[in-house]
Amino acid sequence: MSTTQELHDLPAQYDPGQTERAIYERWIDAGIFSADEKRSRRNGGDRDPFVIIMPPPNVTAALHMGHGLNNTVQDVIIRWRRMVGDEALWVPGTDHAGIATQNIIEKQLAAEGKTKFDLGRAAFVERTIEFVEETGGEILRQLRAIGVSADWNRTAYTLSPELSRAVREAFVQLYERGLIYRGHRVIHWCPRCLTSLSDEEAQHSEAMGTLYHIAYPIVGAKDNASLTVATTRPETMLGDVAVAVHPEDDRYKKLIGKSVLLPIANVEIPIIADAYVDPAFGTGVVKITPAHDPNDFEVGLRHKLPMPVIMAPDGTMANGADAGSRVPAELLGADRFEARERIIRSLEQSRQLIKVEPHQHAIRHCYRCDTVVEPRLSDQWFVKMTPLAEPALKAVRDGTIRILPERWEAVYINWLENIRDWNISRQLWWGHRIPVWYCDKCDKQIVSRTDVTACDKCGGPVRQDEDVLDTWFSSWLFPISTLGWPDKDAAALAAFYPTDDLITAPEILFFWVSRMIMAGYAFMDAAPFHTVYLHGTVRDTNHVKMSKSLGNGIDPLDVVAKYGADALRYTVIAGMGMGADLMLDPLNLERSFAPGRNFATKLWNIGRFLLANVGTSPVRSVDELRDNELTLADRWILGRLNATILEADAALGPARPEKRKWRPEERYSGLRLSEYAEAARRFVWNDVADWFLESTKGRIGASGGDSEVARAVLTHVFDYALRLLHPIMPFITETLWQRLPFPVATDRCEFLAIASWPIPHPRSKNEGDEMARFDLVRETVSAVRQIRSDYAISPGKSMDVIIQSRANRALFTEHASLIGRLSRSAVKVDGQGAGAAAAHSVLADGSEVIVPLGGLVDLTKECRKLRTELEQLEVQLEALSKRLRNEGFTSRAPANVVAAER
RNA sequence: GGGCGAGUAGCUCAGUUGGUUAGAGCGCCUGCCUUACACGCAGGAUGUCGGGGGUUCGAGUCCCUCCUCGCCCACCA
């Protein structure tokens, strides 16, 4: 049989670059990633739907490793379900990412020496559209390169006309239900982005600050007495409208109702009593700045205080609404932090700065530009969250939705229980314009699904609200809007909603996941999915989160180019425990992705062996092989295959709850992707390659029926191994599978990607016993190999092995030649002549492996070696017994042992 | 300040309901280019399972306590 010719077809190492793109195109051409609404059982079809909605990547930049991880996980799951036979739909998309994208364009403009105002709103939006078309396209190309099997016909974009319609519908519906309102209150304001932010977008970070103690003179006090207030933000004192003390605070009780003179601004402000003040903190006196602090705003409301704004939107000092001339001329236009310094210096000079002490506190930063957020009194649109949160809370509490890993459920519940209203208006240009129009003539406010051109009350001219919606106001609708909502009769909505799994990172649990659940109930009266799978973060070797700005990122396309998409995917899946972070070394891609690349090469070479030895002519189906035709090795590998399928299924777990809710015993099981990967790897590498394939080497080349049996079994187990691995390594498995001899199975179809997921087929009831018998053969081989290694007998040297067995003489006799071949030795069963100089090894069944060492090893050398080892052990023993004696143990056993040994 | 998680081989992590010699991958050491694969094969070393205390015949696994990291949340100025 000429094998060299065929081996030439396949190089010794897999070259992903040549094959991946072509295979992907064949999948696309065959339409196997497209889901059919009519085939969904919910639409009268014959398949259970299984649906994943992709977390849409932001169109701000090309994808990084985090996206690589996120999409690989989703692809593994969707490909698995597709093979199982579900009508699998994965909806891809991108997110316009309002504030993030606008920041990028502004930066581009800044580099050109321009601002957005130089362009004007229309031109700015136009330019942004050009930008996102480019990056959006690049993102979709990247996803295809890593093998994403999404239904590209349904690719969604949060700012598309269809999704914009959904956004308007959602806004209007919530408004009509009284859940959206315009509020005048203190919100988080980013002075750099010049927009308001939601609570979630203003992120806390601990920082060392300063607590300034400032004296406010009491008006009319005889002895120039003053009240000392403690503040971390003296620049806001110009906006003070009162100082507050606790009503029960004996120190200050008698001052309530009097006034103090606000330094610098020289305004007289009252001393008020409010239970909000903690007498134990600072001096027990709080300055009240309603326009620049959310708590003070509440106090201001309670006491009907004025609310002067003393900063411009950009964070410079200015006399805003109701401020009169509180900000003195010399401070006007100064940045807030500069103003802080100057105010402190001024107070120092007037001896009103009493004390300065370091103070640890949390400061909020803009999640997009990291600027310190400024609390600011402002008019914004809000969503009333408590009613929306109620069903979302219930869903996780009662098991309609599960969150993996389990611990995030508590975090989710805690957040929803303390939820506050959601500020959804942003003072940006990039996003969905708020669908509210104001009549200039009669002041009417019109909230409308369609554009309004004239006031419906007085016919006067109208203007649309200048603001746009928080970018998350479109993404929270993604599971319903991508399926056709608000068209409640949309075929896709009926076929595929509710969806199944939502796979994302924990960072956006509040931003996105919890809000999607709320939207699901608010607009469809049903949870959008039953499983939330939160995976870890990709980090470098120092455990620092990978990011482009830090320069420690990895470009998935680099990895694909160097090692192939499969290597990337396998590495990521195998290395990622449930919810655990994934560490990769951006400086050593070779080492980082070696597990995946090496495994791909292994698979490739099993394929090469198979094609060279089994050939391409048809093989028999294993189903028609009679039991008495199978060798012990055949039965063993088929048993291992069954066990592996069960392991993989157990690791992947139930795809959906059996009833409508997760039962406690199934709730936290499944989606252990690394365990599934490891089960498949172990089978392919340690069982098929290391043992079974080796065991067939003497069989396939021989003439007669057993050769056909070996061909059939080897082809079958490799076929099934490829099926098991396809979700993780789609390209190489498809490539090899396409070349396998046929008919390999009854359901041979055009693509592995739609071939059936393996089902275990136990051939006999005592499969376990059969496997134990082959395990004994393997153990024997290992024992001989170990003896060879222990006595440093070179692999080239032939070695005689004698097996003495009572229980399994027949087994060893039958497999003597196999054992001999695998251990490179000549095996005799029950032979004589072991002699004194022989190595022994006892097997699990009590049988003995004996290797006569005569002529193989230099016994005097061996003897010397052993004597040295014994001497070392004696020294250790002495030291140990000495230590024991010192610690008070009186047993003389160690000494006795030493004596006995001698 | 509140809540949660983690500390197991040099590194990244598995270790199910407490039960025989604690595992994997990568790395390391020794020997092999054995005609599928040196991105490989065979063999090997390495762990007071964070510290201390307790329950138990028996604990990496349960309880208490301390230490060290990490994450989430938070209107004490």
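Values reported hereafter were calculated over all heavy atoms of this structure, with side chains retained and with hydrogens, waters and symmetry mates removed. Quick note on labels: first sequence line is chain A, next is B, and so on, each numbered from 1.
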Can you measure from CD1 (A/Ile288) to CD (A/Glu298) and round to the nearest 0.5 angstrom?
11.5 Å
Distance test, side-chain N/O of A/Arg364 to OP1/OP2 of B/C75, below 4.0 Å
yes
RNA chain B base-pair string [pairs: Watson-Crick or G-U under 3.5 Å; |: paired with another strand]:
(((((((..((((.....[...)))).(((((.......))))).....(((((..]....))))))))))))....
Which whole number of Å gives the distance between the P atom of B/G25 and that of B/A6?
25 Å
Looking only at B/U12, B/A36, B/G44, the nucleotide nearest the A/Arg608 side chain is B/A36
Using the C1' atom on both, measure B/G60 against B/A14 and round to a whole Å.
12 Å
If the sugar-phosphate is the primed atoms plus P, OP1 and OP2 and the base is the rest, what is the B/S/- string for nucleotides 18-34 of chain B, using protein heavy atoms under 4.0 Å?
------SSSS------B
How close or far is atom P of B/G43 from atom CG of A/Leu822, stated in whole angstroms?
12 Å
Using atom CH2 of A/Trp604 as one end and atom P of B/A36 as the other, report the distance to the nearest whole Å.
16 Å
Please identify each residue that fulfils ring pair (Phe, Tyr, Trp, His ring centres under 6.0 Å) with A/Trp415, with sequence neighbours left out.
A/Phe510
With the side chain of A/Arg785 defined as its heavy atoms from C-beta on, choose the nearest nucleotide among B/C76, B/G43, B/A36.
B/G43
For B/A36, take OP1 and OP2 only and decide whether either is under 4.0 Å from a side-chain N or O of A/Gln13.
no
Starting at the 5' end of RNA chain B, which residue's closest nucleotide do you reach first, A/Ala280 or A/Gly577?
A/Gly577
Strictly under 6.0 Å, is that where the ring centroids of A/Phe692 and A/Phe718 end up?
no
Report the distance from atom CG of A/Asp274 to atom P of B/C76, rounded to the nearest whole Å.
16 Å
Using 0.5 Å steps for rounding, measure from the CD atom of A/Gln360 to the OG1 atom of A/Thr232.
12.5 Å
Can you tell me how far P in B/G43 sits from the matching atom in B/G7, rounded to whole Å?
31 Å
Rounded C1' spacing from B/U46 to B/G23 in Å:
14 Å
B/C33 and B/C69, which share atom name C1', separated by this distance in whole Å:
46 Å
Starting at CD1 of A/Ile288 and ending at C1' of B/C76, how long is that distance when rounded to a whole Å?
12 Å
Minimum side-chain heavy-atom gap A/His365-A/Gln203 below 4.5 Å
no
Distance test, side-chain N/O of A/Lys697 to OP1/OP2 of B/A36, below 4.0 Å
yes
Would A/Glu665 and A/Arg663 satisfy salt bridge (charged side-chain N to carboxylate O under 4.0 Å, His left out), going step by step from the backbone distance to the final call?
CA-CA 6 Å; A/Glu665 62 271 28; A/Arg663 284 179 290 116; 2.5 Å; yes
To the nearest Å, how far apart are A/Asp199 CG and B/A74 C1'?
11 Å
Run the ring pair (Phe, Tyr, Trp, His ring centres under 6.0 Å) test against A/Tyr14 and tell me which residues pass, sequence neighbours left out.
A/Trp604
Would you check if the distance from the ring center of A/His359 to the ring center of A/Phe281 is below 6.0 Å?
yes
Less than 4.5 Å apart, any side-chain heavy atom of A/Leu722 and any of A/Val684?
no
Aromatic A/Trp691 / basic A/Arg821 pairing, under 6.0 angstrom, 45° off normal:
no
Base, sugar-phosphate, or nothing: which does A/Glu694 touch, judged by heavy atoms less than 4.0 Å apart?
base
Contact class for A/Arg407 vs. all strands (heavy atom < 4.0 Å): base, sugar-phosphate, or nothing?
sugar-phosphate
Starting from C1' on B/A77, measure out to NE2 on A/His361 and report it in whole angstrom.
10 Å
Whole-angstrom distance between B/C72 and B/C13, as gauged at atom C1':
23 Å
With rounding to the nearest 0.5 angstrom, report the CD to CG distance, A/Glu675 to A/Leu652.
10.0 Å
Where each residue is assigned the nucleotide of RNA chain B containing its nearest heavy atom, which of A/Leu693 and A/His359 is assigned the position nearer the 5′ end?
A/Leu693
Students often get this wrong, so: under 4.0 angstrom with heavy atoms, is A/Ala230 touching a base, only sugar-phosphate, or nothing?
base
In Å, rounded to the nearest 0.5 Å, how long is the span from CZ of A/Phe382 to CZ of A/Arg420?
10.5 Å
Against the side chain of A/Asp690, the closest entry in B/C41, B/A77, B/A74 is B/C41
What is the distance from CH2 of A/Trp189 to C1' of B/C75, rounded to the nearest Å?
20 Å
B/C62 and B/C49, which share atom name P, separated by this distance in whole Å:
16 Å
Spacing of A/Arg597 atom CZ relative to B/A38 atom P, expressed in whole Å
12 Å
Applying salt bridge (charged side-chain N to carboxylate O under 4.0 Å, His left out), name anything that partners A/Arg778, two or more places apart in sequence or on another chain.
A/Asp775
Report each atom pair, protein N/O against N/O of nucleotides 67-73 of chain B, whose distance is under 3.5 angstrom.
none

A/His188 and A/Glu374: side-chain donor and acceptor closer than 3.5 Å?
no
So does A/Lys602 get a side-chain nitrogen or oxygen closer than 4.0 Å to the phosphate oxygens (OP1/OP2) of B/C41?
yes
Sticking with atom P, work out how far B/U56 lies from B/G15, rounded to a whole angstrom.
29 Å
